[in-house]
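One structure is given below, encoded as structure tokens.
The structure displayed is predicted, hence computed values, not measured ones. The analysis underlying the following values was restricted to heavy atoms, covering all of them including side chains, and did not include hydrogens, waters or symmetry mates.
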Amino acid sequence: MGPEASAATPPFPMPAGSAPILEVSEVAVGYGGVRAVDGVSLGISPGEVLGVIGPNGAGKSSLLGAIGGQVRASRGRVQLGDRDVTRMMPHQRARLGLMRTFQTTSEFSRMTVFENLVTSAEGNSGASLAAVVLHPHRTAVREREVAERAWSVLERFEMTHTADLYGRELSGGQRRLVEIMRCLMREPRVLLLDEPMVGVAPHLTGKLIDDLRGVAREGLGILIVEHALEVVHRLCDRVVVMAFGKVIAAGAFEEVVKDPQVQSAYLS
Amino acid sequence: MSGQLIASIADGVVLAAILAVAAMGFTLQFSLTNVLNLSFGSVMTVGAFVAYLIAVVHLTPWLGIALGGVAGAVTTVVLGRGVLRLYARRRTQLFEMMMVTLGLSLIIDYTVQAISHNNIYGYSVLQGSALEMGPIRVTPVQVGIVILALVVLLATWGALKFTRMGKALRATAVEPGLARACGIPTGRVVLVTWVASGFLCGLAGVVFVISTQSVDYTTGEGFLPLVIAAAILGGVGNLWGAVGASLVMGIVTEVVAGLGQGGYSTVAGFAILVVVLLLRPGAVFGGSEDRQLVL
Amino acid sequence: MQPRKLTLGAALAALSGLLLAACGSTAATSKATLNVGGVIAITGSSSFEGGNLFEGVYPALYEINQAGGVLGHKLALKQVDTRGDPADALPAVQQMLATTSNLVMVAGVDTSSAPTIVPVLNSAHIPMTTVAGESVYDQSPYPYFWRLFPPDSANGTAMALWAKKKGYNRVAAVFGSDPGSQGDLPGNVQSLKALHIPLVANITLTPGQSSYQSQVNQLIAAHPDVIMTEADSGTAGTFFGELKSLGGLVPIIGTQAMDTPPEISAIQSALGPTDFQKYMSMVISAPSQVTPAVTAFNNAVKGDASQIGVSVSQAQQNPFAVVYYDGMIAMALAMVAAKSTDPKVFNSYMSKVCNPGPGKTVVYTFAQGVKALNQGKQIQYFGASGLIDFNKYHNSYGNQEAVSLTSSGAAVPLGTISVQAIEAVKVTGVA
Amino acid sequence: MSAWSFYIGTLLIYFAVDALSAISLNLQFGYAGVVNFGYIVFQAAGAYAAAVVVLGKSAGPGSFQQYVFGAHLPFPLDLVVATLAGALLSLAVGLFSLRRMRRDYQAAMLLIVSLIALQVVSADVPLFNGANGLTGVGWPLGQIFGLSAPASPWVYAAWAVGITIVVYVGVVWLSRSPWGRSLRAMRDHEDAASAMGLNITALRLQVFVIGGAIAGLSGGLLVEYIGAWSPGAWGYAETFVVFTAIFVGGVGNYKGVLLGTLLVPIIFLELPRFLPSIGYPGLTDSLQWVAIGLAWMLCLLFRPRGIIPERRARARRLAATVLEPSPIKEGA
């Protein structure tokens, strides 16, 4: 099964000149007999936005799960920089700078936006009971630093007015934004976004795209699963098309949409 | 000693038959609605008491078995349609729904306690003299219980596999949104599931008290943990799994009891669940948190 | 913040209600009703103990009140539920002590709560008549403690002696794991050992199981010629029903506790009336010959049938009920003899009105006792359970007897085990 | 009034013990979202542990009572042992029941654990004297001053309340700390919390063990007061009384939890004793449980957050130390 699967995967052209920050090779995910992801390989360079598109049930979210650690990969390898993270727990990957959002909104609904951000920060001392109990002073200092960062992130996204609102009191678009802001609390190296535009009001989409491009320019790699093709077009440097758990095409947006294989996959 | 072992295994099969009837009802309900229904045991008690009342007025115990099942179905529909829906409308989450069923079970159990004056009532029906086959000693009613469990298994399996409603049920259990979009009347599917699983629940209650020969308000509640364990061990929604798990748990329970460790027999049954959990958590707990409430 | 205020208000209202109730009940008038606390498990797994108590105490109160009460006071029972759990019993009893005016005595104290509750009652100077079976009370240090009942170990020994007398030599012990049932087991097992009767199986039944089939098969495989047993009625019903279905019936000797209404009906229903009479026997405190006291008890049960939850004949049969009845009557007579309803005064009169002695007038009923006392005589109350003779530890018990029951519920005496024989069997340090 | 004083003193001690339970459950459930339906087992573990290290060496089979690990430990080792027993048992149970699984499964697992433990302890006489339970437990601290617990309820109450206050302050501090914030994140969305770098397994185990330690302590306190402990004291339904208290008072708010403890296990459960008994013996008790069930259902339906709901943690407090002027102040 393995060799055929890998043979079917088209070679993925790496952008010349820079080492990939995230490298996924031959990853497979199975749920009791069903192969959701079947030998997918791809890579992202710093500063690059890679789109993953494909029809429903193509295995896009499962792939994201395998990279983020929420889903166990039955085969293959996920490498972040020079670290192999395939067997790591999600929180370990996050601490290495691999951050993600979820398909259904995942804000902490009974915490304020401010708390949402602070909790996700790098060096959040709340992650360790020992730190909180044994080093109260250090904790207080960290808290101040973290709060400062949270305010700057809120300001950057013009969301300071929501700081005291509970997650569940936000609009759909605001929730998406909170998720992204949360990820940025950690200076991620790679950002995985699962349909970030769902629920975002159309007039805000443009701004969010600009924001994300701005984030990417700071040198992190973004992998984005998205249905809205015009968003993918405007946002992504390159696109990977998945169907039935496999990559069927890859390249610039304009090229792949012309691919007959892609067109038939979308039509079926 | 091996004779004792064979005898214990036979006893285990009888226990498994009772367990299986309940576990099938439970797993059916659970797989569709995703509510871990802790009031299942209380409904068993209700079914058992109805059967007891039939015996009190000297009607045939067979009628008691049937009406016990009907009582289970009616109670379950009332709870499911009446109470649980009320909470579903308030966007109660899946997990909170389990707490709701727990509250329901407190209310039902202690109402039964109040009505029954907290007495234990003898219920000796259909008992006959023992049949002896080598080391195995069983009564006709026990053989009957095993046959009943088999009939229930085949009937439920057949209904799920071959009828339109059965197919609709399986589709809804897997992907409720999609099923609804495909024009499956999910409301009716849920109703049918309440009725069927409630009937099995009531039936299990009656079969249980035929075996124990006594009924009181704790009848079902005491049995429920085994039922839940069997349903989870068998894989939620998996009919054959539920029966297989019941067999394993029943036999282990009785073998341990046969070794003279009566106090630890039930514990041993649960221990299997724990061991499976420790060794292969994924095999038992495949579901994700995103499952939705279907009512 | 509206809701918060509301609830605080509710809490305050509840608290003031508490206090009001307390004040209301402390207002005493002359010739007020005297209260008897019935401290017993009414709910929970030992709830049958409550039934035993009511079947004895209510008839006694009926008889006493019919005879004009104690020194002009009527008596009433206040039920206090311990749930068979010391943690529940303690506040319940303290609440009773705090809120019950004219509390003169307590009947009951179930086996589980006794270690916690007996010292509390003793230091509150409330006399108690109890059936708590623990052997620690064989030499009770509590002056307000009275027991007209054999300790559990004596009952276990009597069962072993009866088995020896009947010539059984393969005994199986089948006991429930609940506290009540476990009480008799150590005495029983040790006595069998002392009498050199082999114990071929010792089976413990955990209550509430769907089936005891494995235990039944285990029992049958051991080929006993007699079973000694105590278990709660549900468990016993299931076990013996299965034993019968699987064809393993042999003679059964039950403890005293098996001679109570719920047990009898459970086992009768499991075995059927014929086999019940044929196989089942119990070893109980020997009922006295039909004295006027027994007649009085039977009449009192009949007279107050509405208060007890079981049929008259069942209550009349209950060996616990009759002891509770005797304790109550004796205590009432002690008050009359002391001419006081103050426990500190009348407590010491218990032995005086019960124990035999030269020149004492034997009385069988409360009315007889009052009459004799009013004539200035010394009395000896000969109870419905027979002779009462308290030792210095306030314990009194006599011979035991094996009985079986006919289908109509009448007791058939099978033989007597004397108290001397029981005490001759050396059983050390059992509960 | 001395009988009253004894009674109120006892109620105060029970309040302290119940408050400890409610605080511990609120940390686990209200903050971390861990549904510990087996809570009472950990309290029982502490009670048994305290009992056997106070009672002295067991006289062995055939005696009045038998148990394991009998010892005569002086104060404060008795309560330390009780606390450790609760914590260690929590650790053991937590290691298999707190794995990644649905919360309703987890709750059911813990309920099952609760039932199993009750069965094992009832059936296994050599362990803790089976269904008869242990009696005659003393109070090591009191014995130093020549006091016995039941005879001096007010001294004991002061002692128990003192401990409760210390635990209360500690738990409230922990809950408001960044660690408590992490717990709430885990409660609100487990996957997201873990994707934000929180070690869910560790957090859950920590909160479970801390809760278990408090449970063990509360059990130790209770057993040294009543002097006895048996399976009758820790039926699985006892856990639900504490849960109801939290629901009524306010999930996630410690003041609400104290109020709930006063309302449910103390006032609501004691009040019927003052009412004239109705019907046959035991009817009141049944109806009381029905009422608990109803209160439970109504709370879930109408006031899922209780009388005093969880407080919103405003950013201002943190912000004030960081930014001048805070953007919040401008906005508000």
- Message: Among D:Leu287, D:Ile292, D:Asp124, which residue has the highest count of heavy-atom pairs closer than 4.5 Å to chain B?
- Response: D:Asp124

- Item | Check: B:Ile107 and D:Trp296 side chains under 4.5 Å, non-hydrogen atoms | no

- Task: Please indicate whether D:Phe69 has more than 12 foreign heavy atoms, meaning atoms of other residues, nucleotides or ligands, lying under 6.0 Å from its CZ.
- Result: no

Atom [atom1] of [X] and atom [atom2] of [Y]: how far apart are they, to the nearest 0.5 Å?
X	Y	atom1	atom2	result
D:Thr239	B:Leu102	OG1	CG	10.0 Å
B:Leu38	D:Leu111	CG	CG	6.5 Å
D:Met297	B:Leu106	CE	CG	10.0 Å
B:Leu224	D:Leu115	CG	CG	9.0 Å

What part of [X] lies closer than 4.5 angstrom to a heavy atom of chain D: side chain, backbone, both or neither?
X	answer
B:Met99	both
B:Val83	side chain
B:Leu104	both
B:Leu226	neither

Using non-hydrogen atoms only, which part of [X] is less than 4.5 Å away from chain B: side chain, backbone, both, or neither?
X	answer
D:Leu301	both
D:Leu294	both
D:Val35	side chain
D:Leu118	neither

- Message: Just by distance, no angles: are the side chains of B:Tyr110 and D:Asp285 close enough, under 3.5 Å, to form a donor-acceptor pair?
- Response: no

Closest heavy-atom pair and its distance - [X], [Y]:
X	Y	value
D:Tyr280	B:Asn118	OH-N, 4.4 Å
B:Ala114	D:Leu283	CB-CD1, 3.7 Å
D:Phe37	B:Met98	CE1-CE, 3.8 Å
B:Glu221	D:Tyr236	CG-OH, 3.2 Å

- Among the listed options B:Val35, B:Leu86, B:Ile108, B:Val100, the residue most often paired with chain D at heavy-atom distances under 4.5 Å: B:Val100

- With side chain to side chain contact (heavy atoms under 4.5 Å, CB included) as the test, would you mind laying out the steps for D:Gln119 and B:Tyr264 before giving the verdict? CA-CA 8 Å; D:Gln119 256 184 20; B:Tyr264 285 91; over 6 Å; no

